[in-house]
Every structure is written in C-alpha cells, then in structure tokens.
Number of protein chains: 4
Amino acid sequence: MSTPSEARRSQDSRLAILEAAFAEASEKGLHSTTIESIAARAGVGKQTIYRWWKSKAAVVLEALEEEAARPGRGASFPDTGDLRADLRTQMRGVVRAMRTPAFATYRGLIAAAQADPEIARAVNDVIIAPRVHACLDRLRRAQQVGQLDGDADLDLLVELLYGPLYYRLLLQTEPVSNAQVDAVLAAVLPA
Amino acid sequence: MSTPSEARRSQDSRLAILEAAFAEASEKGLHSTTIESIAARAGVGKQTIYRWWKSKAAVVLEALEEEAARPGRGASFPDTGDLRADLRTQMRGVVRAMRTPAFATYRGLIAAAQADPEIARAVNDVIIAPRVHACLDRLRRAQQVGQLDGDADLDLLVELLYGPLYYRLLLQTEPVSNAQVDAVLAAVLPA
Amino acid sequence: MSTPSEARRSQDSRLAILEAAFAEASEKGLHSTTIESIAARAGVGKQTIYRWWKSKAAVVLEALEEEAARPGRGASFPDTGDLRADLRTQMRGVVRAMRTPAFATYRGLIAAAQADPEIARAVNDVIIAPRVHACLDRLRRAQQVGQLDGDADLDLLVELLYGPLYYRLLLQTEPVSNAQVDAVLAAVLPA
Amino acid sequence: MSTPSEARRSQDSRLAILEAAFAEASEKGLHSTTIESIAARAGVGKQTIYRWWKSKAAVVLEALEEEAARPGRGASFPDTGDLRADLRTQMRGVVRAMRTPAFATYRGLIAAAQADPEIARAVNDVIIAPRVHACLDRLRRAQQVGQLDGDADLDLLVELLYGPLYYRLLLQTEPVSNAQVDAVLAAVLPA
DNA sequence: AAGTAACCGAGACGGTACGTCGTGTCTTCAC
DNA sequence: GTGAAGACACGACGTACCGTCTCGGTTACTT
C-alpha cells in the first residue's frame, strides 16, 4: 500500500485516518463514505490519504484489519475436542457477527471487490484466508482423531459450511440464523 | 417501475435505453456505467431515464431481464427423470454462465444490492427467485418419484448446492469449476 | 465568452455571478478572489461559471463592465468648449476614480493581463479603447475649432496625458494627484 | 531579505536558486513559476528558499538583479553632451529591452506588485529608482549646461518621457517602438 | 579534536483551490 | 404532453502548491 518513504510516515495521521474511516463506514456505509469525509473527520489533508492508499476501500479494509487485530477478535477456532460442537459455536458466532455494523462494512468491501481485483485480493488475504485456514486446521485435527474421514475433502467442507451463510448474506434471500447453521451442520456432518 | 402514463410511452426510447444500458455495463462494468453514458449512447434525454426507472441498477436489471427473455435463456430446469444428472447439467450451465460478461453485470447488481435494499429486492424477484423456484419444482418432482426423501429440507438443499458456487464467485477465493459442481453433488446427494 | 447555447442560459445565475464577482473583487482584491468564493456567494455551481467564462478575470471584467454600464458611468467626455478645462475636469475625475476600490479591481485586471493575452485584449476592448476614443473625439473637436494644431498627433497626445497617470498608478512610485494632472497639462498643452 | 546567520549561508544553493528562478520565469512566466518548481530545478529543499526569501517574487527579483549586474547592464545613462541624442539612445535601448524575455519577467513582477505592496517597494528600490536617478542626474547635468530651463520640473519630465512607454507596455494598446520614442521626444523636448 | 549548532536536501504534513465528472432536477423547444 | 437536449445546484473527485514541520547528513564555528 505504500510507495513514499515509510520511515517518515506520521503514525498519528495513519491512526486518525483508520479510526475515522472505520467510524464513517460504520455510520454511513462504505458507499457513502468519501475520502473527503474521512480526511475531514481525521483532521488530515486528503493528499495524506491518497499518498498511502489507492482507494477508500483500501483504507477501510486496513481500518477493519486494525480493528480485528484487537484482543480476542482473531481468526482462532474453538477446539473442545468435539468438532460438531465447535463448528456450531463458531458458526453461530459468525451469524451473530453478520448482524453487526462492522459486518455491513465488510459486506461493502465484498461489493467493492466485484469491480476491483486489487480489493478482491486484499479482502481475501486480510479477512477470508486467515479464517479459512483456522477452520481447515480445526478440520485437520478432527481428521487426526478420527472424527472425520481421512479422505474427506476439507476445502469442499468449508465451502459447504459457509457457502449457505454467504449465499443468504449476499443474495439477501432471507436472514442468516442459528437454525440455518444447525440444518447445514446436520446435512454436512451426519452423525 | 412506472408512474407516468405508460400508454404514451415511447417503445423506441425504452428499447434504445435497455440496449445501451446492457452494452455499457458489459463493456465497462456496472460501476462505471453512468446514467449519462446510457442516455448519450441511447440518444435519449436523461429525463427519459429518470422518468421510468429509479436508478441505473434498475435500468440494467431490466436490460438483463430483456436479454434473458430470449429463446432458451429462461429459468427452466432440465428434467430427464434422473435428478443427479439434471442438477449436474444445470449447475454446469451455471458455471459456464458465470464466466460470461453478462454475468459480470449480474455480479455488479449483487454488489449494488449490498447498499440498496430496493435493488436487493428487485434482483431477487427478477433473477434469483424464479430460478430457485424452478429448482425447487424439480426437487419436489424428484421427491414424488422417491429419488429424494419425503422429509428432505428442499430450501436447505438449494443453499447447499448453490451456496458454494456463489461463495467462490463473490468472495473470489478461486474460480468456479465443473469439478466443484461434481464434488458438491457427491457430498450433498450421496448415492 | 460563450460556447453552449446562449438561449437556454439562466439570466438569474448570470447576474448573481457578476454581482458576487464584483463584490468579492472589491472586498478582497482580484488575486484572492476565487472561482469557488464567487460561486458560493452567488449561490451557484462552479460549473456554471466554468461553462460561460474561461477565467476569473473574464468574470470580473464582465462584472466591471456591467457596473460601468450604469447611468452616467460611461466613457463620455465633458465638452464645455474649453479643451484645457475639459481635460482638467476629466483627468481629475480619473485621479479620483483611481482611489476607489473598483479601480483596485481594474488594476488587478491589468496585472492579470500581463500573463494572459486574452485578458489583455478584453481589458482593452471593454475599458480602455472606449475611453481613448471618447478622448480622441474631444481632441478632434478641439482641432476643428482651432484650439489645437491641425497636424497635432492626437494618439501621441493621449499617451502623453494619461501615460504619466498610469506610470504612477502601476509602478507605484508615488500617488497620483491633481497637482500631477495640472503639471502634465501645463507641459503638454502650453497656453 | 535575511534573518538567519548570513555567514553560514550556502552560496552554491543561493546561486542555484537564482539561476533556476530566472530560467523558470523566463520559460513559463512568473505566474506559473512556483516555489516548488524552483526548488526542484535548483536541487534544493523548499525550506532553503523560504528561509531566505519571503515570496517567489522576491527570489525572481533578486535573480533579475543578479542578471542585470552583468557587464554593461547597469542603470548608467549615456552622456555625449547632447541631451536629446542621449535620451534617444537610452530610450531606444529601453524599447529594445522591452522585447526581451527578461522583460516579460519584469512585467510579471510589476503585475505581482499590484497585489503586494512589499513587492511594489522592492521592484521600485531595485529596478526603477536607480534608473530614474540616473536619468535625473543626466537631466540635471543638461540643466547645468543650459540645455534645459533652470526651473524645469525634472520629475515631471521623467514621467512624460517614460509614461508613454509603460502605458503601451502594460496596457498593451500597441507595441512600443522607436517611432514612439521619437514622437515623445519631439513633443516633450521641443527644439 | 570533539562537540554542537546551523544549514542543507528531502519530502510528509494540514490546507485551499483547482477544474472535471456525475448526480438528479428543471427549463426550453420540436413534434 | 412526451421526448431530446442540456443548463442548473450540488458534492466529490484526484491534483497542484502553499507554507510549516520533521528528519538525517553534512559543515564550520566553539571550547
């Protein structure tokens, strides 16, 4: 995200911008957040944003990342030894998260990614991939203890578990719910 | 989509606008298609667009619909009597469609829908719902002939089948493929 | 100054812009008048200014012109029959005018003309030439009644009369004054 | 123009700046010369300019001065004993100079002076006053040898001689010329 | 000879204005 | 009374410079 000399960069400005970007996107949605509004809120010149980021989506994504880097917000997966229970816990957490304003911002980023491959890649690298990996790790551990077939296709499993959630979220056919999670689990992980 | 007197409406203008909208969106993507560019390309006044549609997404959606109303483009589902084979045929068709420019426009509409509930509803009514219904019909028929459990949750089934495709399409983790279709079918419809 | 269709032009906007431009230039000087401040004060979009004028100098010049088109503000010259007395009256009027805020604006335009030939030409056409012609007319009439040699070089005369005033005004060596006017007249029009 | 310790000042930088300023102003005109462009061209930090000068006009003025300090570029006046001939020589020199690019820069400074009294004063002190004094000296010598009335108003004379030249130069009514010089001399210094 | 104060190049910073683009509304004229 | 044409007020865009402010790195005076 950078070209000029990272060394001389003002951390004050950087943080003020990320904070403002997060706030604006949460309050008004990504699409009506503007570089000008971020700059004004952060008390910063527009050029300072253009210098270090290439689009408002890039700023907001980094803001989201910063936010996610807080305490227990990581991509970690529960592991009690019971795979089905752990998936249920985690997926219910996702359902809960999908109803928060920060998730609306994330949705906005996914929307922006449809028109800009750079954002698509960034969203993947920063948000999706780490969570998918955490999930795959958990599944692999389940495989080792025999809770899952040794030859199960784990990538497919991830898509079967989360695909239906994103389907509802993005196509807005109906709201995600715990019931959906339970149904998916029952279908995908038969006892 | 109409308020003024539909009777006096110029069909020439309407068609020119839809054609222009479809072309612009295909060439430049929905997000850099503008009402002005559609009007200019259609040789029409901007007001004529604003009079009959409420956003560029509405125009483009109608253009897509018009396009889809051509010959065999409908939402119909194959029915050879073999459910698995029919699903396979249809889903491979979806994979093929997802690689066309018109589908990029559709993706743009889904993106726009994240920020505008009206668009979300319209996209659902016009594109998604008819196809889901066609699919549900097919599944119901399979149920009647005993190819599917009588108490299977058909709505869930639809989400399990198509969720993974949209997951890849919209999150752009990797390209959709026939292999994915086969894997999903194998997992969701065990022999 | 126009390219789009003059017919559809809004006279309300035009007048509001000229009024605002005149006021801004009078209060803050031409060089710290901006297109944005004119637009804001006139309650007008910037584009409306850019559409009809090619620089802020052009706007302000037209504003000055409009202002000058008021009642007795014309370029007319006194004619009592006594050339020396009439020149004295007129030139003292110029001295008086040179101390007004509107003249500061005019000075700003002359300054702008040094870097832009279009403005130079416009300033000449709109402000200088008419006044020079009025002066030449008066001198010609004096020639006809024998108050001036028949072969006197009238163009030269104009430059000898007004050159010293503009010299002081623009080079700011010292303020213009009635005393200067009298001295110039005495030297250039010997009894 | 200085406040910090003149002793430690880098002469390399100073000269590079003046050279760059002169070149930029000659090539692009004073009004589109910027402090940044001077700094870049001189290979110097902006601060080094701001430290020693208070505006780009000040830099360019000093550059012009440096340029004028070359060989015979001074403000000296010819003195052959024949006042009319000497004025003619000198004024024709001015006409010639007025057509050079350096004079365009000087015109730019006069323009800038209309909006900034500091520049006005500086231009006067550095350029105009020395030349006026040289002229007055010459006129005074002519007075002493009886080529000019003892009670002639020499300041007025200067304005009558040079006013018409600056009038044409700055109002751009028509180009200055040797013919104008001759006519002015004939009118102001009658045989 | 070491220490230290300053100027130096570089360039990031908060700002202001630029000139352009697209929005959605409003006005004018032709059919 | 629709429709094309396009002017209008508005808001954001991304860029250019402004003048100020660090940041090392050389000088060149001081002790």
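The analysis underlying the following values was restricted to heavy atoms, covering all of them including side chains, and did not include hydrogens, waters or symmetry mates.
Computed from coordinates, the B/D12 CG to F/dA4 P distance equals 9 Å when rounded to whole Å. Here the P atom of nucleotide E/dC8 and the CH2 atom of D/W52 are 6 Å apart, to the nearest Å. If you measure from atom CD1 of B/I35 to atom C1' of F/dG6, you get 16 Å, rounded to the nearest angstrom. In this entry the distance linking OH of D/Y50 with C1' of E/dG11 reads 13 Å, nearest Å. Put simply, CD1 on C/I49 is 16 Å from C1' on F/dG11, counting in whole angstrom units. Rounded to an integer number of Å, the gap from CD1 of D/I38 to P of E/dG9 is 14 Å. When rounded to the nearest whole Å, the span between CZ of D/R8 and P of E/dA5 equals 10 Å. Distance, D/R51 CZ to F/dC21 C1': 12 Å, rounded to whole Å.
Between C/I17 atom CD1 and C/K46 atom NZ the span is 13.0 Å, to the nearest 0.5 Å. Note that CZ of D/R41 and CD of D/E36 are 15.5 Å apart. Values are rounded to the nearest 0.5 Å. In this structure, the separation between CG on B/L109 and CD on B/Q114 is 11.5 Å, given to the nearest 0.5 Å.
Of all nucleotides listed (E/dC26, F/dA9, F/dG19), F/dA9 comes nearest to the side chain of C/T48. The listed nucleotides are E/dT23, F/dG19, F/dC8; the one nearest the side chain of B/E36 is E/dT23. Each of E/dC13, E/dC8, F/dG3 was ranked by its minimum atom distance to the side chain of B/S13; first place goes to F/dG3. Distances were taken from every side-chain heavy atom of A/R9 (C-beta onward) to each of E/dC18, F/dG19, E/dC13; the shortest belongs to E/dC13. Checking F/dG3, F/dG19, F/dA12 against every side-chain atom of D/K46, the shortest atom distance belongs to F/dG19.
The base of F/dC8 is not paired with the side chain of C/Q47 by any donor and acceptor separated by under 3.5 Å.
Nearest-nucleotide positions on DNA chain E place C/S37 closer to the 5' end than the other of C/A7 and C/S37. Where B/T33 and A/A42 meet DNA chain E, the nucleotide closest to each residue was compared, and A/A42 sits on the side nearer the 5' end. Take the nearest nucleotide of DNA chain F for A/K56 and for C/G45: the residue whose nucleotide is more 5' is C/G45.
Residues B/A21 and B/V59 come closest through the heavy atom pair CB-CG1, 3.7 Å. Here the closest non-hydrogen pair linking B/A57 and B/I119 is CB-CD1, 3.4 Å.
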